[in-house]
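Have a look at the structure below before the remarks.
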Amino acid sequence: MRVVVVGALYGALAVGLGAIGAHALDSNFVPQNAEMFDKAVFYQLIHALAMVAIGGLKDRVLPVLLGAASWAFGLGVLLFSGSLYLLALGGPDDVMYATPIGGVLLLLGWLILAVAAARRM
């Protein structure tokens with residue numbers, strides 16, 4: 001059930017950050033940064049939902065693989081969306097190196113989920 005808790009918290013955080021991005025960021029926030037921020041919110045929210053869904057299936061469908069997928073999603077969101085948030089808000093440029101690592105983890109999570117589903121067929 002931890003994956004559901006983390007997914008739900010990621011979802012709540014995505015909604016909150018989306019609201020901040022839409023209403024509270026100052027007029028100096030350039031459109032390119034706004035697009036990056038929106039992309040971070042979108043990816044975070046999609047993977048939060050995936051984590052909640054995995055939590056609902058975990059006891060019934062190959063828990064080891066689903067556990068691995070949820071870890072990949074959780075770390076992927078942290079690195080991918082987290083680095084985009086930091087970059088959009090003027091964080092250090094070195095953060096950009098975390099973005100592709102996070103993206104690979106998100107992709108890996110989906111592939112692990114596909115393997116788990118295929119093995120269940």
Side-chain angles (χ1 to χ4, degrees):
M1 278 311 200
R2 258 181 266 165
V3 67
V4 175
V5 172
V6 172
L9 292 173
Y10 271 174
L13 184 61
V15 171
L17 289 171
I20 289 169
H23 303 291
L25 294 177
D26 65 19
S27 60
N28 295 329
F29 200 57
V30 296
Q32 179 183 355
N33 289 352
E35 290 172 18
M36 189 182 309
F37 196 89
D38 289 345
K39 184 176 289 192
V41 169
F42 176 76
Y43 273 80
Q44 181 175 337
L45 189 54
I46 292 299
H47 291 89
L49 291 171
M51 291 174 73
V52 170
I54 285 172
L57 296 172
K58 199 170 175 188
D59 293 334
R60 295 185 289 276
V61 180
L62 299 169
V64 172
L65 286 176
L66 291 181
S70 66
W71 272 101
F73 285 152
L75 292 173
V77 165
L78 190 63
L79 293 173
F80 182 83
S81 292
S83 64
L84 290 182
Y85 290 132
L86 288 172
L87 288 168
L89 296 171
D93 288 341
D94 289 346
V95 171
M96 72 179 176
Y97 297 112
T99 309
I101 296 168
V104 168
L105 285 168
L106 295 175
L107 178 62
L108 183 62
W110 287 110
L111 292 173
I112 293 169
L113 188 55
V115 168
R119 286 191 178 178
R120 190 70 179 151
M121 296 170 86

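Below, each value reflects all heavy atoms present in this structure, side chains not excepted, and no hydrogens, waters or symmetry copies. These figures come from a predicted structure and were not determined experimentally.
Across all non-hydrogen atoms, the minimal contact from A69 to G109 is CB-O, 3.6 Å. In plain terms, the two heavy atoms of I112 and L65 that are nearest each other are CG2-O, 3.1 Å. Between A14 and Q44, the shortest heavy-atom contact is N-NE2, 3.4 Å.
Linking ILVMFWY residues whenever their side-chain heavy atoms come closer than 4.5 Å, directly or via other members, leaves L78 and V5 in distinct clusters. One hydrophobic cluster, built from ILVMFWY side chains closer than 4.5 Å, cannot hold both L107 and L113; they sit in different ones. L108 is connected to V115 through a chain of hydrophobic side-chain contacts under 4.5 Å among Ile, Leu, Val, Met, Phe, Trp and Tyr, so both are in one cluster. Linking ILVMFWY residues whenever their side-chain heavy atoms come closer than 4.5 Å, directly or via other members, places L87 and Y97 in the same cluster. Hydrophobic cluster membership differs between L49 and L105, with clusters built from Ile, Leu, Val, Met, Phe, Trp and Tyr side chains linked at under 4.5 angstrom.
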TODO: Check the pair Y85 / V41 against side chain to side chain contact (heavy atoms under 4.5 Å, CB included), numbers first and verdict last.
DONE: CA-CA 8 Å; Y85 290 132; V41 169; 3.5 Å; yes
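Within the 4.5 Å cutoff, side-chain heavy atoms of I54 are placed close to those of F73. Proximity of P63 to L66: side-chain heavy atoms (C-beta onward) are nowhere separated by under 4.5 Å.
Here the NE2-CH2 distance, from H47 to W110, works out to 5.5 Å after rounding to the nearest 0.5 Å. With values rounded to the nearest 0.5 angstrom, T99 atom OG1 is found 8.5 Å from M96 atom CE. Atom CG of residue L17 and atom CG of residue D38 lie 11.0 Å apart, to the nearest 0.5 angstrom.
For residues 8-27, no pair satisfies ring-ring contact (aromatic ring centres under 6.0 Å, His included), with sequence neighbours left out.
Proximity of a side-chain donor or acceptor of S83 to a complementary backbone N or O of F80 within less than 3.5 Å is detected.
Looking at L75, L111, V77 one by one, the single match for side-chain contact (heavy atoms from CB on, under 4.5 Å) with L106 turns out to be V77.
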